[in-house]
Amino acid sequence: MEQATAYDVFVEDVEHITQSNSFDLSFLYSPETYHIEVLAMGDNVRYTNSGWSQYTFVAEEILESGYDEQGYYFTLCEDGQSYEVSRGRSDLTGEITIPSYFCGLPVTHIASWGFTSSNVMDGNKSYPNTTAINFPSHLQEIGICAFRSYISIKELVFPDSVTALGMSAFEGCVSLNTVKLPKDIIRIERDCFYSCSLTDLQLPDGVQYIGMYAFSYGNPEHVSIAVWNTAEMTYKKVVLPASVKYFYDAFNCPNVEEIEYLGDVKNLTNVEPSYLNNTSWWQSQPDGFVYLNDMLIGYKGEFPQNTSLTISSDRTTVLAGNAFYGIEDITGITIESGIQLNAKALGGIPDLNYVNFPSGITYIPEYFLSGCTSLEEIEIPSTVTVIGSGAFSGCSALKKVIIPYGVQEINSYTFAHCSSLEEIEIPSSVKTLGNGVFYGCSSLKKISIPSGITELPQSLFFECVSLESVNLSSGLVSIGNEAFYRCYALVSITIPDGVQIIGAAAFTDTHGLKEIIIPASVKEFGYGMFRTSFLNFVPEGLEYEKNINIFYEGTAEEWEELNVDMQYLDQGPERTITVYTYSGEVPQGEGNFWHYAEDGITPVIW
């Protein structure tokens, strides 16, 4: 009833009270007949309570999938209590109303590509001629590219129950100028309204994530679908609610004149608002440091040559991602204590030769100094416990790194392509190494892995072509795929007792490898462990070793039990692998045997 403020409902003598002017029976999904009694409640001012009404409700059979009479296609969601909808064979001409129920259950999801033809492309004249969309009343999520290139839609009003709008969901809706976003929205994915023509933008409280290009429009040079180039975002003001935690190049439109964030910038994660530099707001800023609240997001103008820069905590609480990415003529940076750091903030600065981190930090963000090609030395603060992925990758001049005791985690590709790094000490406090930490460190010659490391990750020393000496920890359990791929200079290596798995291609293209000691604890060998892929990659001055000796610490019987197919190990062209099994005393029978020399380290063939 229109005037009701609540309902008192008995379903099979079980009472339900709702504080709204509607009551949803979709929870009755078992196909049977239900006896219902209803009392509509008034506000006792203008309207009084109604009398009790009685009726029966017949729940439909629940189908896994099917069409309704309009041709819409429905698929039962994983929860078994709601449906996802797509266009099916329905008519999309003019104003469409997507059903709110199927088989008595609410429609909560619109399928990815659910209402969009995948062949919409430049020159295709068969764009949908839908002029308006009425969404299901219980809708929660709209999938990827669901309504892409609906070029005649001018306005969208979402039910407040929607929490997520998928990537490119309304991309290329070039006539769309008005959007009423749902009250409960949490995520707006990248490109969601890309190349639309919004005249106003109201972001509701509660939204947390706004993806790249979500409210931007296309550059004709980069947009392949010609009709999208007719779009123009003309909204002028962006007010970001305090709930927003992430936005990345979402509002990079020339007409944006004002940007305001209502929250604490310390709550923003991985923010890179330097991508606002295409807006009128950015252009209106004076030369110098550019701030959003007290977050330093970049620098406008050019630095004098050989600038040493201090970022003061008096004005700055957060240094945004990409804040100084690629800026020339900065030779040194000191960051005062208390400033929060973000990914890529100082990446790609070609002249940078020193950086002083803020005291007290515990985390160095991802790619923080990536690509600083003049940086030769780094001292990591003693308070740091985690180094983010790629933090120093591509620092091709880096020769000295001091990692303090206390660091526990060094993430993927942290020192990748640090081609001048010859030696580095990993403290015993480190418990985790990510994939490819030393990927492409072409000058690295020796390294020790501390005892706290149990897994040698994938591609850890990939293309460390000068690596000659590796001391592996006694606590290792596994060696990852391609761990020593193209370590040309590696001549010998001892796998410690306790290792159970050696991954695929672990020693591929180790052209100089002559001997490897393998413990009896190993139970699994990966495919192509000694594969040779390209002989023409053998560096000048290094001779391709044609014989590899495997010194197995177990007995001949134990090796036989492993049933290793030597072709499976794929030794490569003109290469021979000989397996020697351990015998502490002079062997009496036939076979290939070895023992340790008096030093307890060097293998000796009997």
Side-chain angles (χ1 to χ4, degrees), residues 398-403 410 414-428 430 433-499 502-503 505-519 522 529-530 532 537-545 547-553 577 580 594 596-605:
L398 188 63
K399 296 179 179 179
K400 183 179 181 181
V401 179
I402 299 175
I403 304 175
I410 302 175
T414 293
F415 298 102
H417 300 293
C418 292
S419 53
S420 298
L421 189 64
E422 295 185 5
E423 188 176 349
I424 187 169
E425 182 176 345
I426 304 173
S428 60
V430 173
L433 293 173
N435 292 345
V437 168
F438 300 102
Y439 190 113
C441 290
S442 55
S443 297
L444 187 66
K445 293 184 177 180
K446 63 179 182 178
I447 195 166
S448 294
I449 304 298
S451 59
I453 302 296
T454 59
E455 297 180 1
L456 207 66
Q458 178 175 323
S459 305
L460 182 65
F461 299 109
F462 193 107
E463 289 189 351
C464 291
V465 296
S466 301
L467 187 63
E468 299 172 350
S469 173
V470 180
N471 182 17
L472 298 178
S473 67
S474 58
L476 272 184
V477 175
S478 65
I479 295 175
N481 298 345
E482 301 179 339
F484 296 93
Y485 195 107
R486 291 184 185 159
C487 291
Y488 298 138
L490 192 64
V491 175
S492 65
I493 187 169
T494 298
I495 309 299
D497 188 31
V499 171
I502 301 177
F507 296 93
T508 287
D509 285 343
T510 50
H511 294 327
L513 188 66
K514 294 182 179 181
E515 61 183 39
I516 179 171
I517 297 177
I518 296 178
V522 173
M529 194 170 110
F530 298 107
T532 297
F537 281 170
V538 178
E540 187 176 349
L542 178 69
E543 189 172 325
Y544 175 58
E545 180 59 49
N547 298 294
I548 298 178
N549 292 333
I550 293 180
F551 296 107
Y552 179 64
E553 290 186 318
I577 296 178
Y580 296 85
W594 72 283
Y596 280 111
E598 291 184 2
D599 62 8
I601 298 174
T602 306
V604 177
I605 297 172

Scanning both residues in full, the closest heavy-atom pair of Ser473 with Pro450 reads CB-O, 2.8 Å
Exercise. Checking side-chain contact (heavy atoms from CB on, under 4.5 Å) for the pair Leu472/Val499: CA distance, chi angles, key distance, verdict?
Worked result: CA-CA 10 Å; Leu472 298 178; Val499 171; over 6 Å; no
Gly436 and Ala416 have their tightest heavy-atom pair at O-CB, 4.2 Å
Across all chains, not counting sequence neighbours, the side-chain contact (heavy atoms from CB on, under 4.5 Å) partners of Pro603 are Glu515, Ile517, Phe551, Trp594
The reported gap from CD1 in Ile447 to CD1 in Ile426 (rounded to nearest 0.5 angstrom) is 4.0 Å
Exercise for the section: Could you go through the side-chain contact (heavy atoms from CB on, under 4.5 Å) check for Phe507 and Ile548 one step at a time? Expected result: CA-CA 11 Å; Phe507 296 93; Ile548 298 178; over 6 Å; no
CE of Met529 to OG1 of Thr508, rounded to nearest 0.5 Å, is 9.5 Å
Between Pro457 and Ala483 the two heavy atoms that sit nearest each other are O-CB, 4.1 Å
Sorted by chain and number, sequence neighbours left out, side-chain contact (heavy atoms from CB on, under 4.5 Å) with Lys399 holds for Ser420
Residues passing the side-chain contact (heavy atoms from CB on, under 4.5 Å) test with Val604, sequence neighbours excluded, are His595, Ala597
One should read off an interatomic distance between Phe415 CZ and Leu398 CG, to the nearest 0.5 angstrom, of 7.0 Å
dist Ser492:OG -> Glu468:CD (nearest 0.5 Å) comes out at 10.5 Å
Heavy-atom closest pair (Ile605 atom, Asn549 atom, distance to 0.1 Å) is CD1-ND2, 4.3 Å
Practice prompt. Would you indicate whether the side-chain heavy atoms of Ile410 and Ile403 approach each other to under 4.5 Å?
Written response: yes
Across all chains, not counting sequence neighbours, the side-chain hydrogen bond (donor to acceptor under 3.5 Å, both in side chains) partners of Glu553 are Tyr596
TODO: State, with a plain yes or no, whether a side-chain heavy atom of Asn435 is found less than 4.5 Å away from one of Ser459.
DONE: no
Contacts of Ser443 meeting side-chain contact (heavy atoms from CB on, under 4.5 Å) (sequence neighbours excluded), chain-then-number -> Glu422
Applying side-chain hydrogen bond (donor to acceptor under 3.5 Å, both in side chains) to Thr602 and not counting sequence neighbours gives Asp599
Quick test of your reading of the model: are Arg486 and Glu463 salt-bridged, counting only N-O distances below 4.0 Å?
yes
The test is side-chain contact (heavy atoms from CB on, under 4.5 Å); show your working for Ile516 and Phe530 and say whether it passes. CA-CA 11 Å; Ile516 179 171; Phe530 298 107; 4.1 Å; yes
Between the CZ atom in Phe462 and the CG atom in Asp509, the distance rounded to the nearest 0.5 Å is 8.5 Å
Distance col, row Ile493:CD1 vs Ile479:CD1, nearest 0.5 angstrom, shows 6.0 Å
- Message: Applying side-chain contact (heavy atoms from CB on, under 4.5 Å) to Phe461 and Leu490, what does each step give before you reach the verdict?
- Response: CA-CA 11 Å; Phe461 299 109; Leu490 192 64; over 6 Å; no
